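Since the structure comes first, as structure tokens, the remarks are kept for the end.
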Amino acid sequence: MQRKSFDIGTGIIFFFKQVGARPMSALWLTAWHVGLSIVLAVLAMWVMSPFWGEVFVWAESNHDPEVEEVFRVLGPVVLAMPFLFLGGILSWLMMNSAWMRFLARDEIAAGIPYRIGSDELRFLGVTLLALVVMWAVQTVLGIVLAALGLGAGGLMMIADGDAAAVLSGGLFMLIAVLGSLVASLYITVKLSAATGLSFVDRKFRFFESWDATKGNFWGILVSYLAIGVLIYFMAIFLMIFFGLAMAGTLMPLVGELEAIGDRDFATAREGLDAVKSVLMVPAVMIPLGIVILVGTAFVVVMAGMFMGVGAYTARLYRENTPFEDGDSPTLDGAHPAGASPSEG
């Protein structure tokens with residue numbers, strides 16, 4: 001069988017190819033992603049609202065709170081933080097795992113696309129192990145750089161003002177720093193297919209990514225760099241779009257807001273209610289909602305494009321390299337465990 005080579009163009013647009021092949025599935029995942037993100041944001045604001053409400057009361061009454069009062073108000077917020085953090089981690093796992101199933105296996109669970117299962121545990125395991133490996137690499141490189149820095153510093157001290165020696169020491173350190181960056185980048189690219197391969201094989205894969213990226217390093221690196229450039233320009237365009245959209249929305253209201261600013265209110269709450277009466281209207285809320293939806297969709301596209309490279313690399317590797325004995329196959333409806341999730 002002729003081995004397929006890594007195609008840079010496909011690596012860059014793999015996410016869009018998958019979306020184009022199953023647009024309704026992608027739209028369903030995006031809707032859940034946006035919805036869950038909004039729920040988490042609203043929940044966080046709800047948890048913080050008692051604290052900010054109390055701060056507003058203090059400001060309104062010119063009250064200088066004691067430390068005990070601050071801690072009393074912050075207490076429930078601090079107690080809620082671990083649950084918010086855990087909820088954020090679980091949501092991150094479910095959202096990213098759902099997209100990786102879509103990209104790596106062409107699967108989306110019927111109905112609610114999120115779940116906590118083996119895929120999510122593997123995703124978490126690969127992420128944590130990658131962080132540990134990168135921490136170890138950065139620690140070793142930091143020690144090496146520190147030693148080289150001491151050597152370069154000693155060279156400069158011995159030079160006693162000699163320009164050539166000082167320049168050599170500085171150049172030496174520059175080369176060392178660039179070398180550490182190149183080493184970190186190389187390891188990152190070599191491990192980039194670990195998550196995708198874990199989803200393709202339905203087994204924990206990590207160092208197998210080293211083989212999956214063999215011979216494709218430059219193609220994968222160029223794909224990531226190209227995606228980074230594309231996202232950079234997309235972000236600039238969206239920032240301009242958001243700025244113009246909100247400016248066009250708020251400009252007609254500047255006169256009313258200035259009039260409110262010139263008025264004297266009996267309490268700060270009355271002033272706040274006056275501002276809310278101007279801003280909390282459909283003419284403002286609808287454009288703001290569109291901006292939030294477009295911004296969240298952009299985050300989905302950004303993450304999907306980066307995940308797409310790893311998913312494409314893993315699928316390509318598995319097409320060229322047969323499954324090992326013991327790897328999990330895709331189950332059909334006749335299997336006792338039931339069929340593998342398919343597009344819903």
Side-chain angles (χ1 to χ4, degrees), residues 6-23 25-27 29-30 32-34 36-37 88-89 91-108 113-114 119-120 122-131 133-134 137 181-182 184-200 205-206 208-210 212-213 216-239 294-318:
F6 186 94
D7 181 71
I8 295 176
T10 302
I12 295 171
I13 66 170
F14 186 75
F15 172 76
F16 297 105
K17 289 185 67 175
Q18 292 295 95
V19 170
R22 297 166 183 80
S25 296
L27 184 61
L29 279 178
T30 302
W32 273 92
H33 193 122
V34 172
L36 184 55
S37 299
I89 293 295
S91 300
W92 173 78
L93 278 176
M94 292 189 297
M95 290 189 288
N96 284 281
S97 296
W99 278 108
M100 187 55 78
R101 276 191 292 271
F102 176 76
L103 294 171
R105 299 203 303 251
D106 302 324
E107 292 180 4
I108 175 173
Y114 296 148
D119 282 337
E120 286 70 22
R122 284 190 287 265
F123 192 102
L124 179 62
V126 169
T127 302
L128 293 177
L129 186 54
L131 291 175
V133 169
M134 292 310 300
V137 169
L181 292 176
V182 170
S184 299
L185 183 64
Y186 178 78
I187 294 173
T188 300
V189 172
K190 293 298 290 181
L191 296 177
S192 62
T195 302
L197 201 57
S198 296
F199 276 75
V200 170
R205 305 294 194 203
F206 190 76
E208 291 84 353
S209 176
W210 211 268
T213 55
N216 298 321
F217 174 85
W218 292 109
I220 296 171
L221 177 60
V222 170
S223 296
Y224 279 122
L225 292 177
I227 289 172
V229 172
L230 285 173
I231 288 175
Y232 173 76
F233 285 106
M234 288 168 62
I236 291 177
F237 171 78
L238 284 178
M239 288 175 63
V294 173
T296 308
F298 172 69
V299 172
V300 171
V301 171
M302 179 178 65
M305 291 179 71
F306 279 111
M307 286 194 294
V309 180
Y312 169 60
T313 304
R315 293 178 69 144
L316 180 66
Y317 173 71
R318 197 45 81 199

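Just so it is clear, the structure is predicted and the values come from calculations on it, not from any experiment. Side chains included, hydrogens not; waters and symmetry mates left out as well; all remaining heavy atoms used.
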Rounded to the nearest 0.5 Å, how far apart are [atom1] of [X] and [atom2] of [Y]?
X: T127; Y: R122; atom1: OG1; atom2: CZ; answer: 13.0 Å
X: M95; Y: H33; atom1: CE; atom2: NE2; answer: 4.5 Å
X: Y114; Y: I108; atom1: OH; atom2: CD1; answer: 9.0 Å
X: I89; Y: L124; atom1: CD1; atom2: CG; answer: 8.0 Å
X: L191; Y: E208; atom1: CG; atom2: CD; answer: 11.0 Å

Minimum heavy-atom distance [X]-[Y], with the two atoms named:
X: F206; Y: V133; value: CE2-CG2, 3.8 Å
X: Y317; Y: A212; value: CD1-CA, 3.4 Å
X: S184; Y: V137; value: OG-CG1, 4.5 Å
X: I12; Y: A226; value: CD1-CB, 3.5 Å
X: A314; Y: G196; value: CB-C, 3.4 Å
X: L29; Y: A98; value: CD2-CB, 3.8 Å

Check whether the ring centres of W92 and F123 lie less than 6.0 Å apart, and answer yes or no.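 That pair passes the under 6.0 Å test.
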
Is the gap between the ring centers of F15 and F306 under 6.0 Å?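 Between F15 and F306, the centre distance exceeds or equals 6.0 Å.
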
Within the structure provided, determine whether [X] and [Y] are in side-chain contact (heavy-atom separation under 4.5 Å).
X: F16; Y: M305; answer: yes
X: T10; Y: K17; answer: yes
X: Y186; Y: L221; answer: no

Could you go step by step and tell me if F298 and V294 meet the side chain to side chain contact (heavy atoms under 4.5 Å, CB included) rule? CA-CA 6 Å; F298 172 69; V294 173; 5.6 Å; no

Which residue is it: V222, I220, I13? I am looking for the one with a side chain to side chain contact (heavy atoms under 4.5 Å, CB included) to I8.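 When V222, I220, I13 are each tested with I8, the side chain to side chain contact (heavy atoms under 4.5 Å, CB included) holds only for V222.
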
Decide yes or no on side chain to side chain contact (heavy atoms under 4.5 Å, CB included) for I231 and I227, but give the supporting numbers first. CA-CA 6 Å; I231 288 175; I227 289 172; 3.6 Å; yes

Is there a donor-acceptor pair closer than 3.5 Å between any side-chain N or O of R315 and the backbone N or O of L103?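 Side chain of R315 to backbone of L103, a donor-acceptor pair under 3.5 Å: yes, one is there.
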
If you apply the rule side chain to side chain contact (heavy atoms under 4.5 Å, CB included), what do you find for D119 with R105, and how did you get there? CA-CA 12 Å; D119 282 337; R105 299 203 303 251; 2.8 Å; yes

Should we count [atom1] of [X] as having more than 12 external heavy atoms under 6.0 Å?
X: M234; atom1: CE; result: yes
X: F217; atom1: CZ; result: yes
X: W210; atom1: CH2; result: yes

If only side-chain N and O atoms count, and only distance matters, is there a donor-acceptor pair under 3.5 Å linking D106 with Q18?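 Q18 vs D106: donor-acceptor pair found between side chains.
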
Parallel, tilted or perpendicular, as decided by the 30° and 60° cut-offs, for the rings of F14 and Y312: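 Tilted.
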
Could you walk me through whether E120 and R101 satisfy the salt bridge (charged side-chain N to carboxylate O under 4.0 Å, His left out) test, starting with their C-alpha distance in whole Å, then the side-chain angles of each, then the deciding distance to 0.1 Å, before giving a yes or no? CA-CA 10 Å; E120 286 70 22; R101 276 191 292 271; 3.0 Å; yes

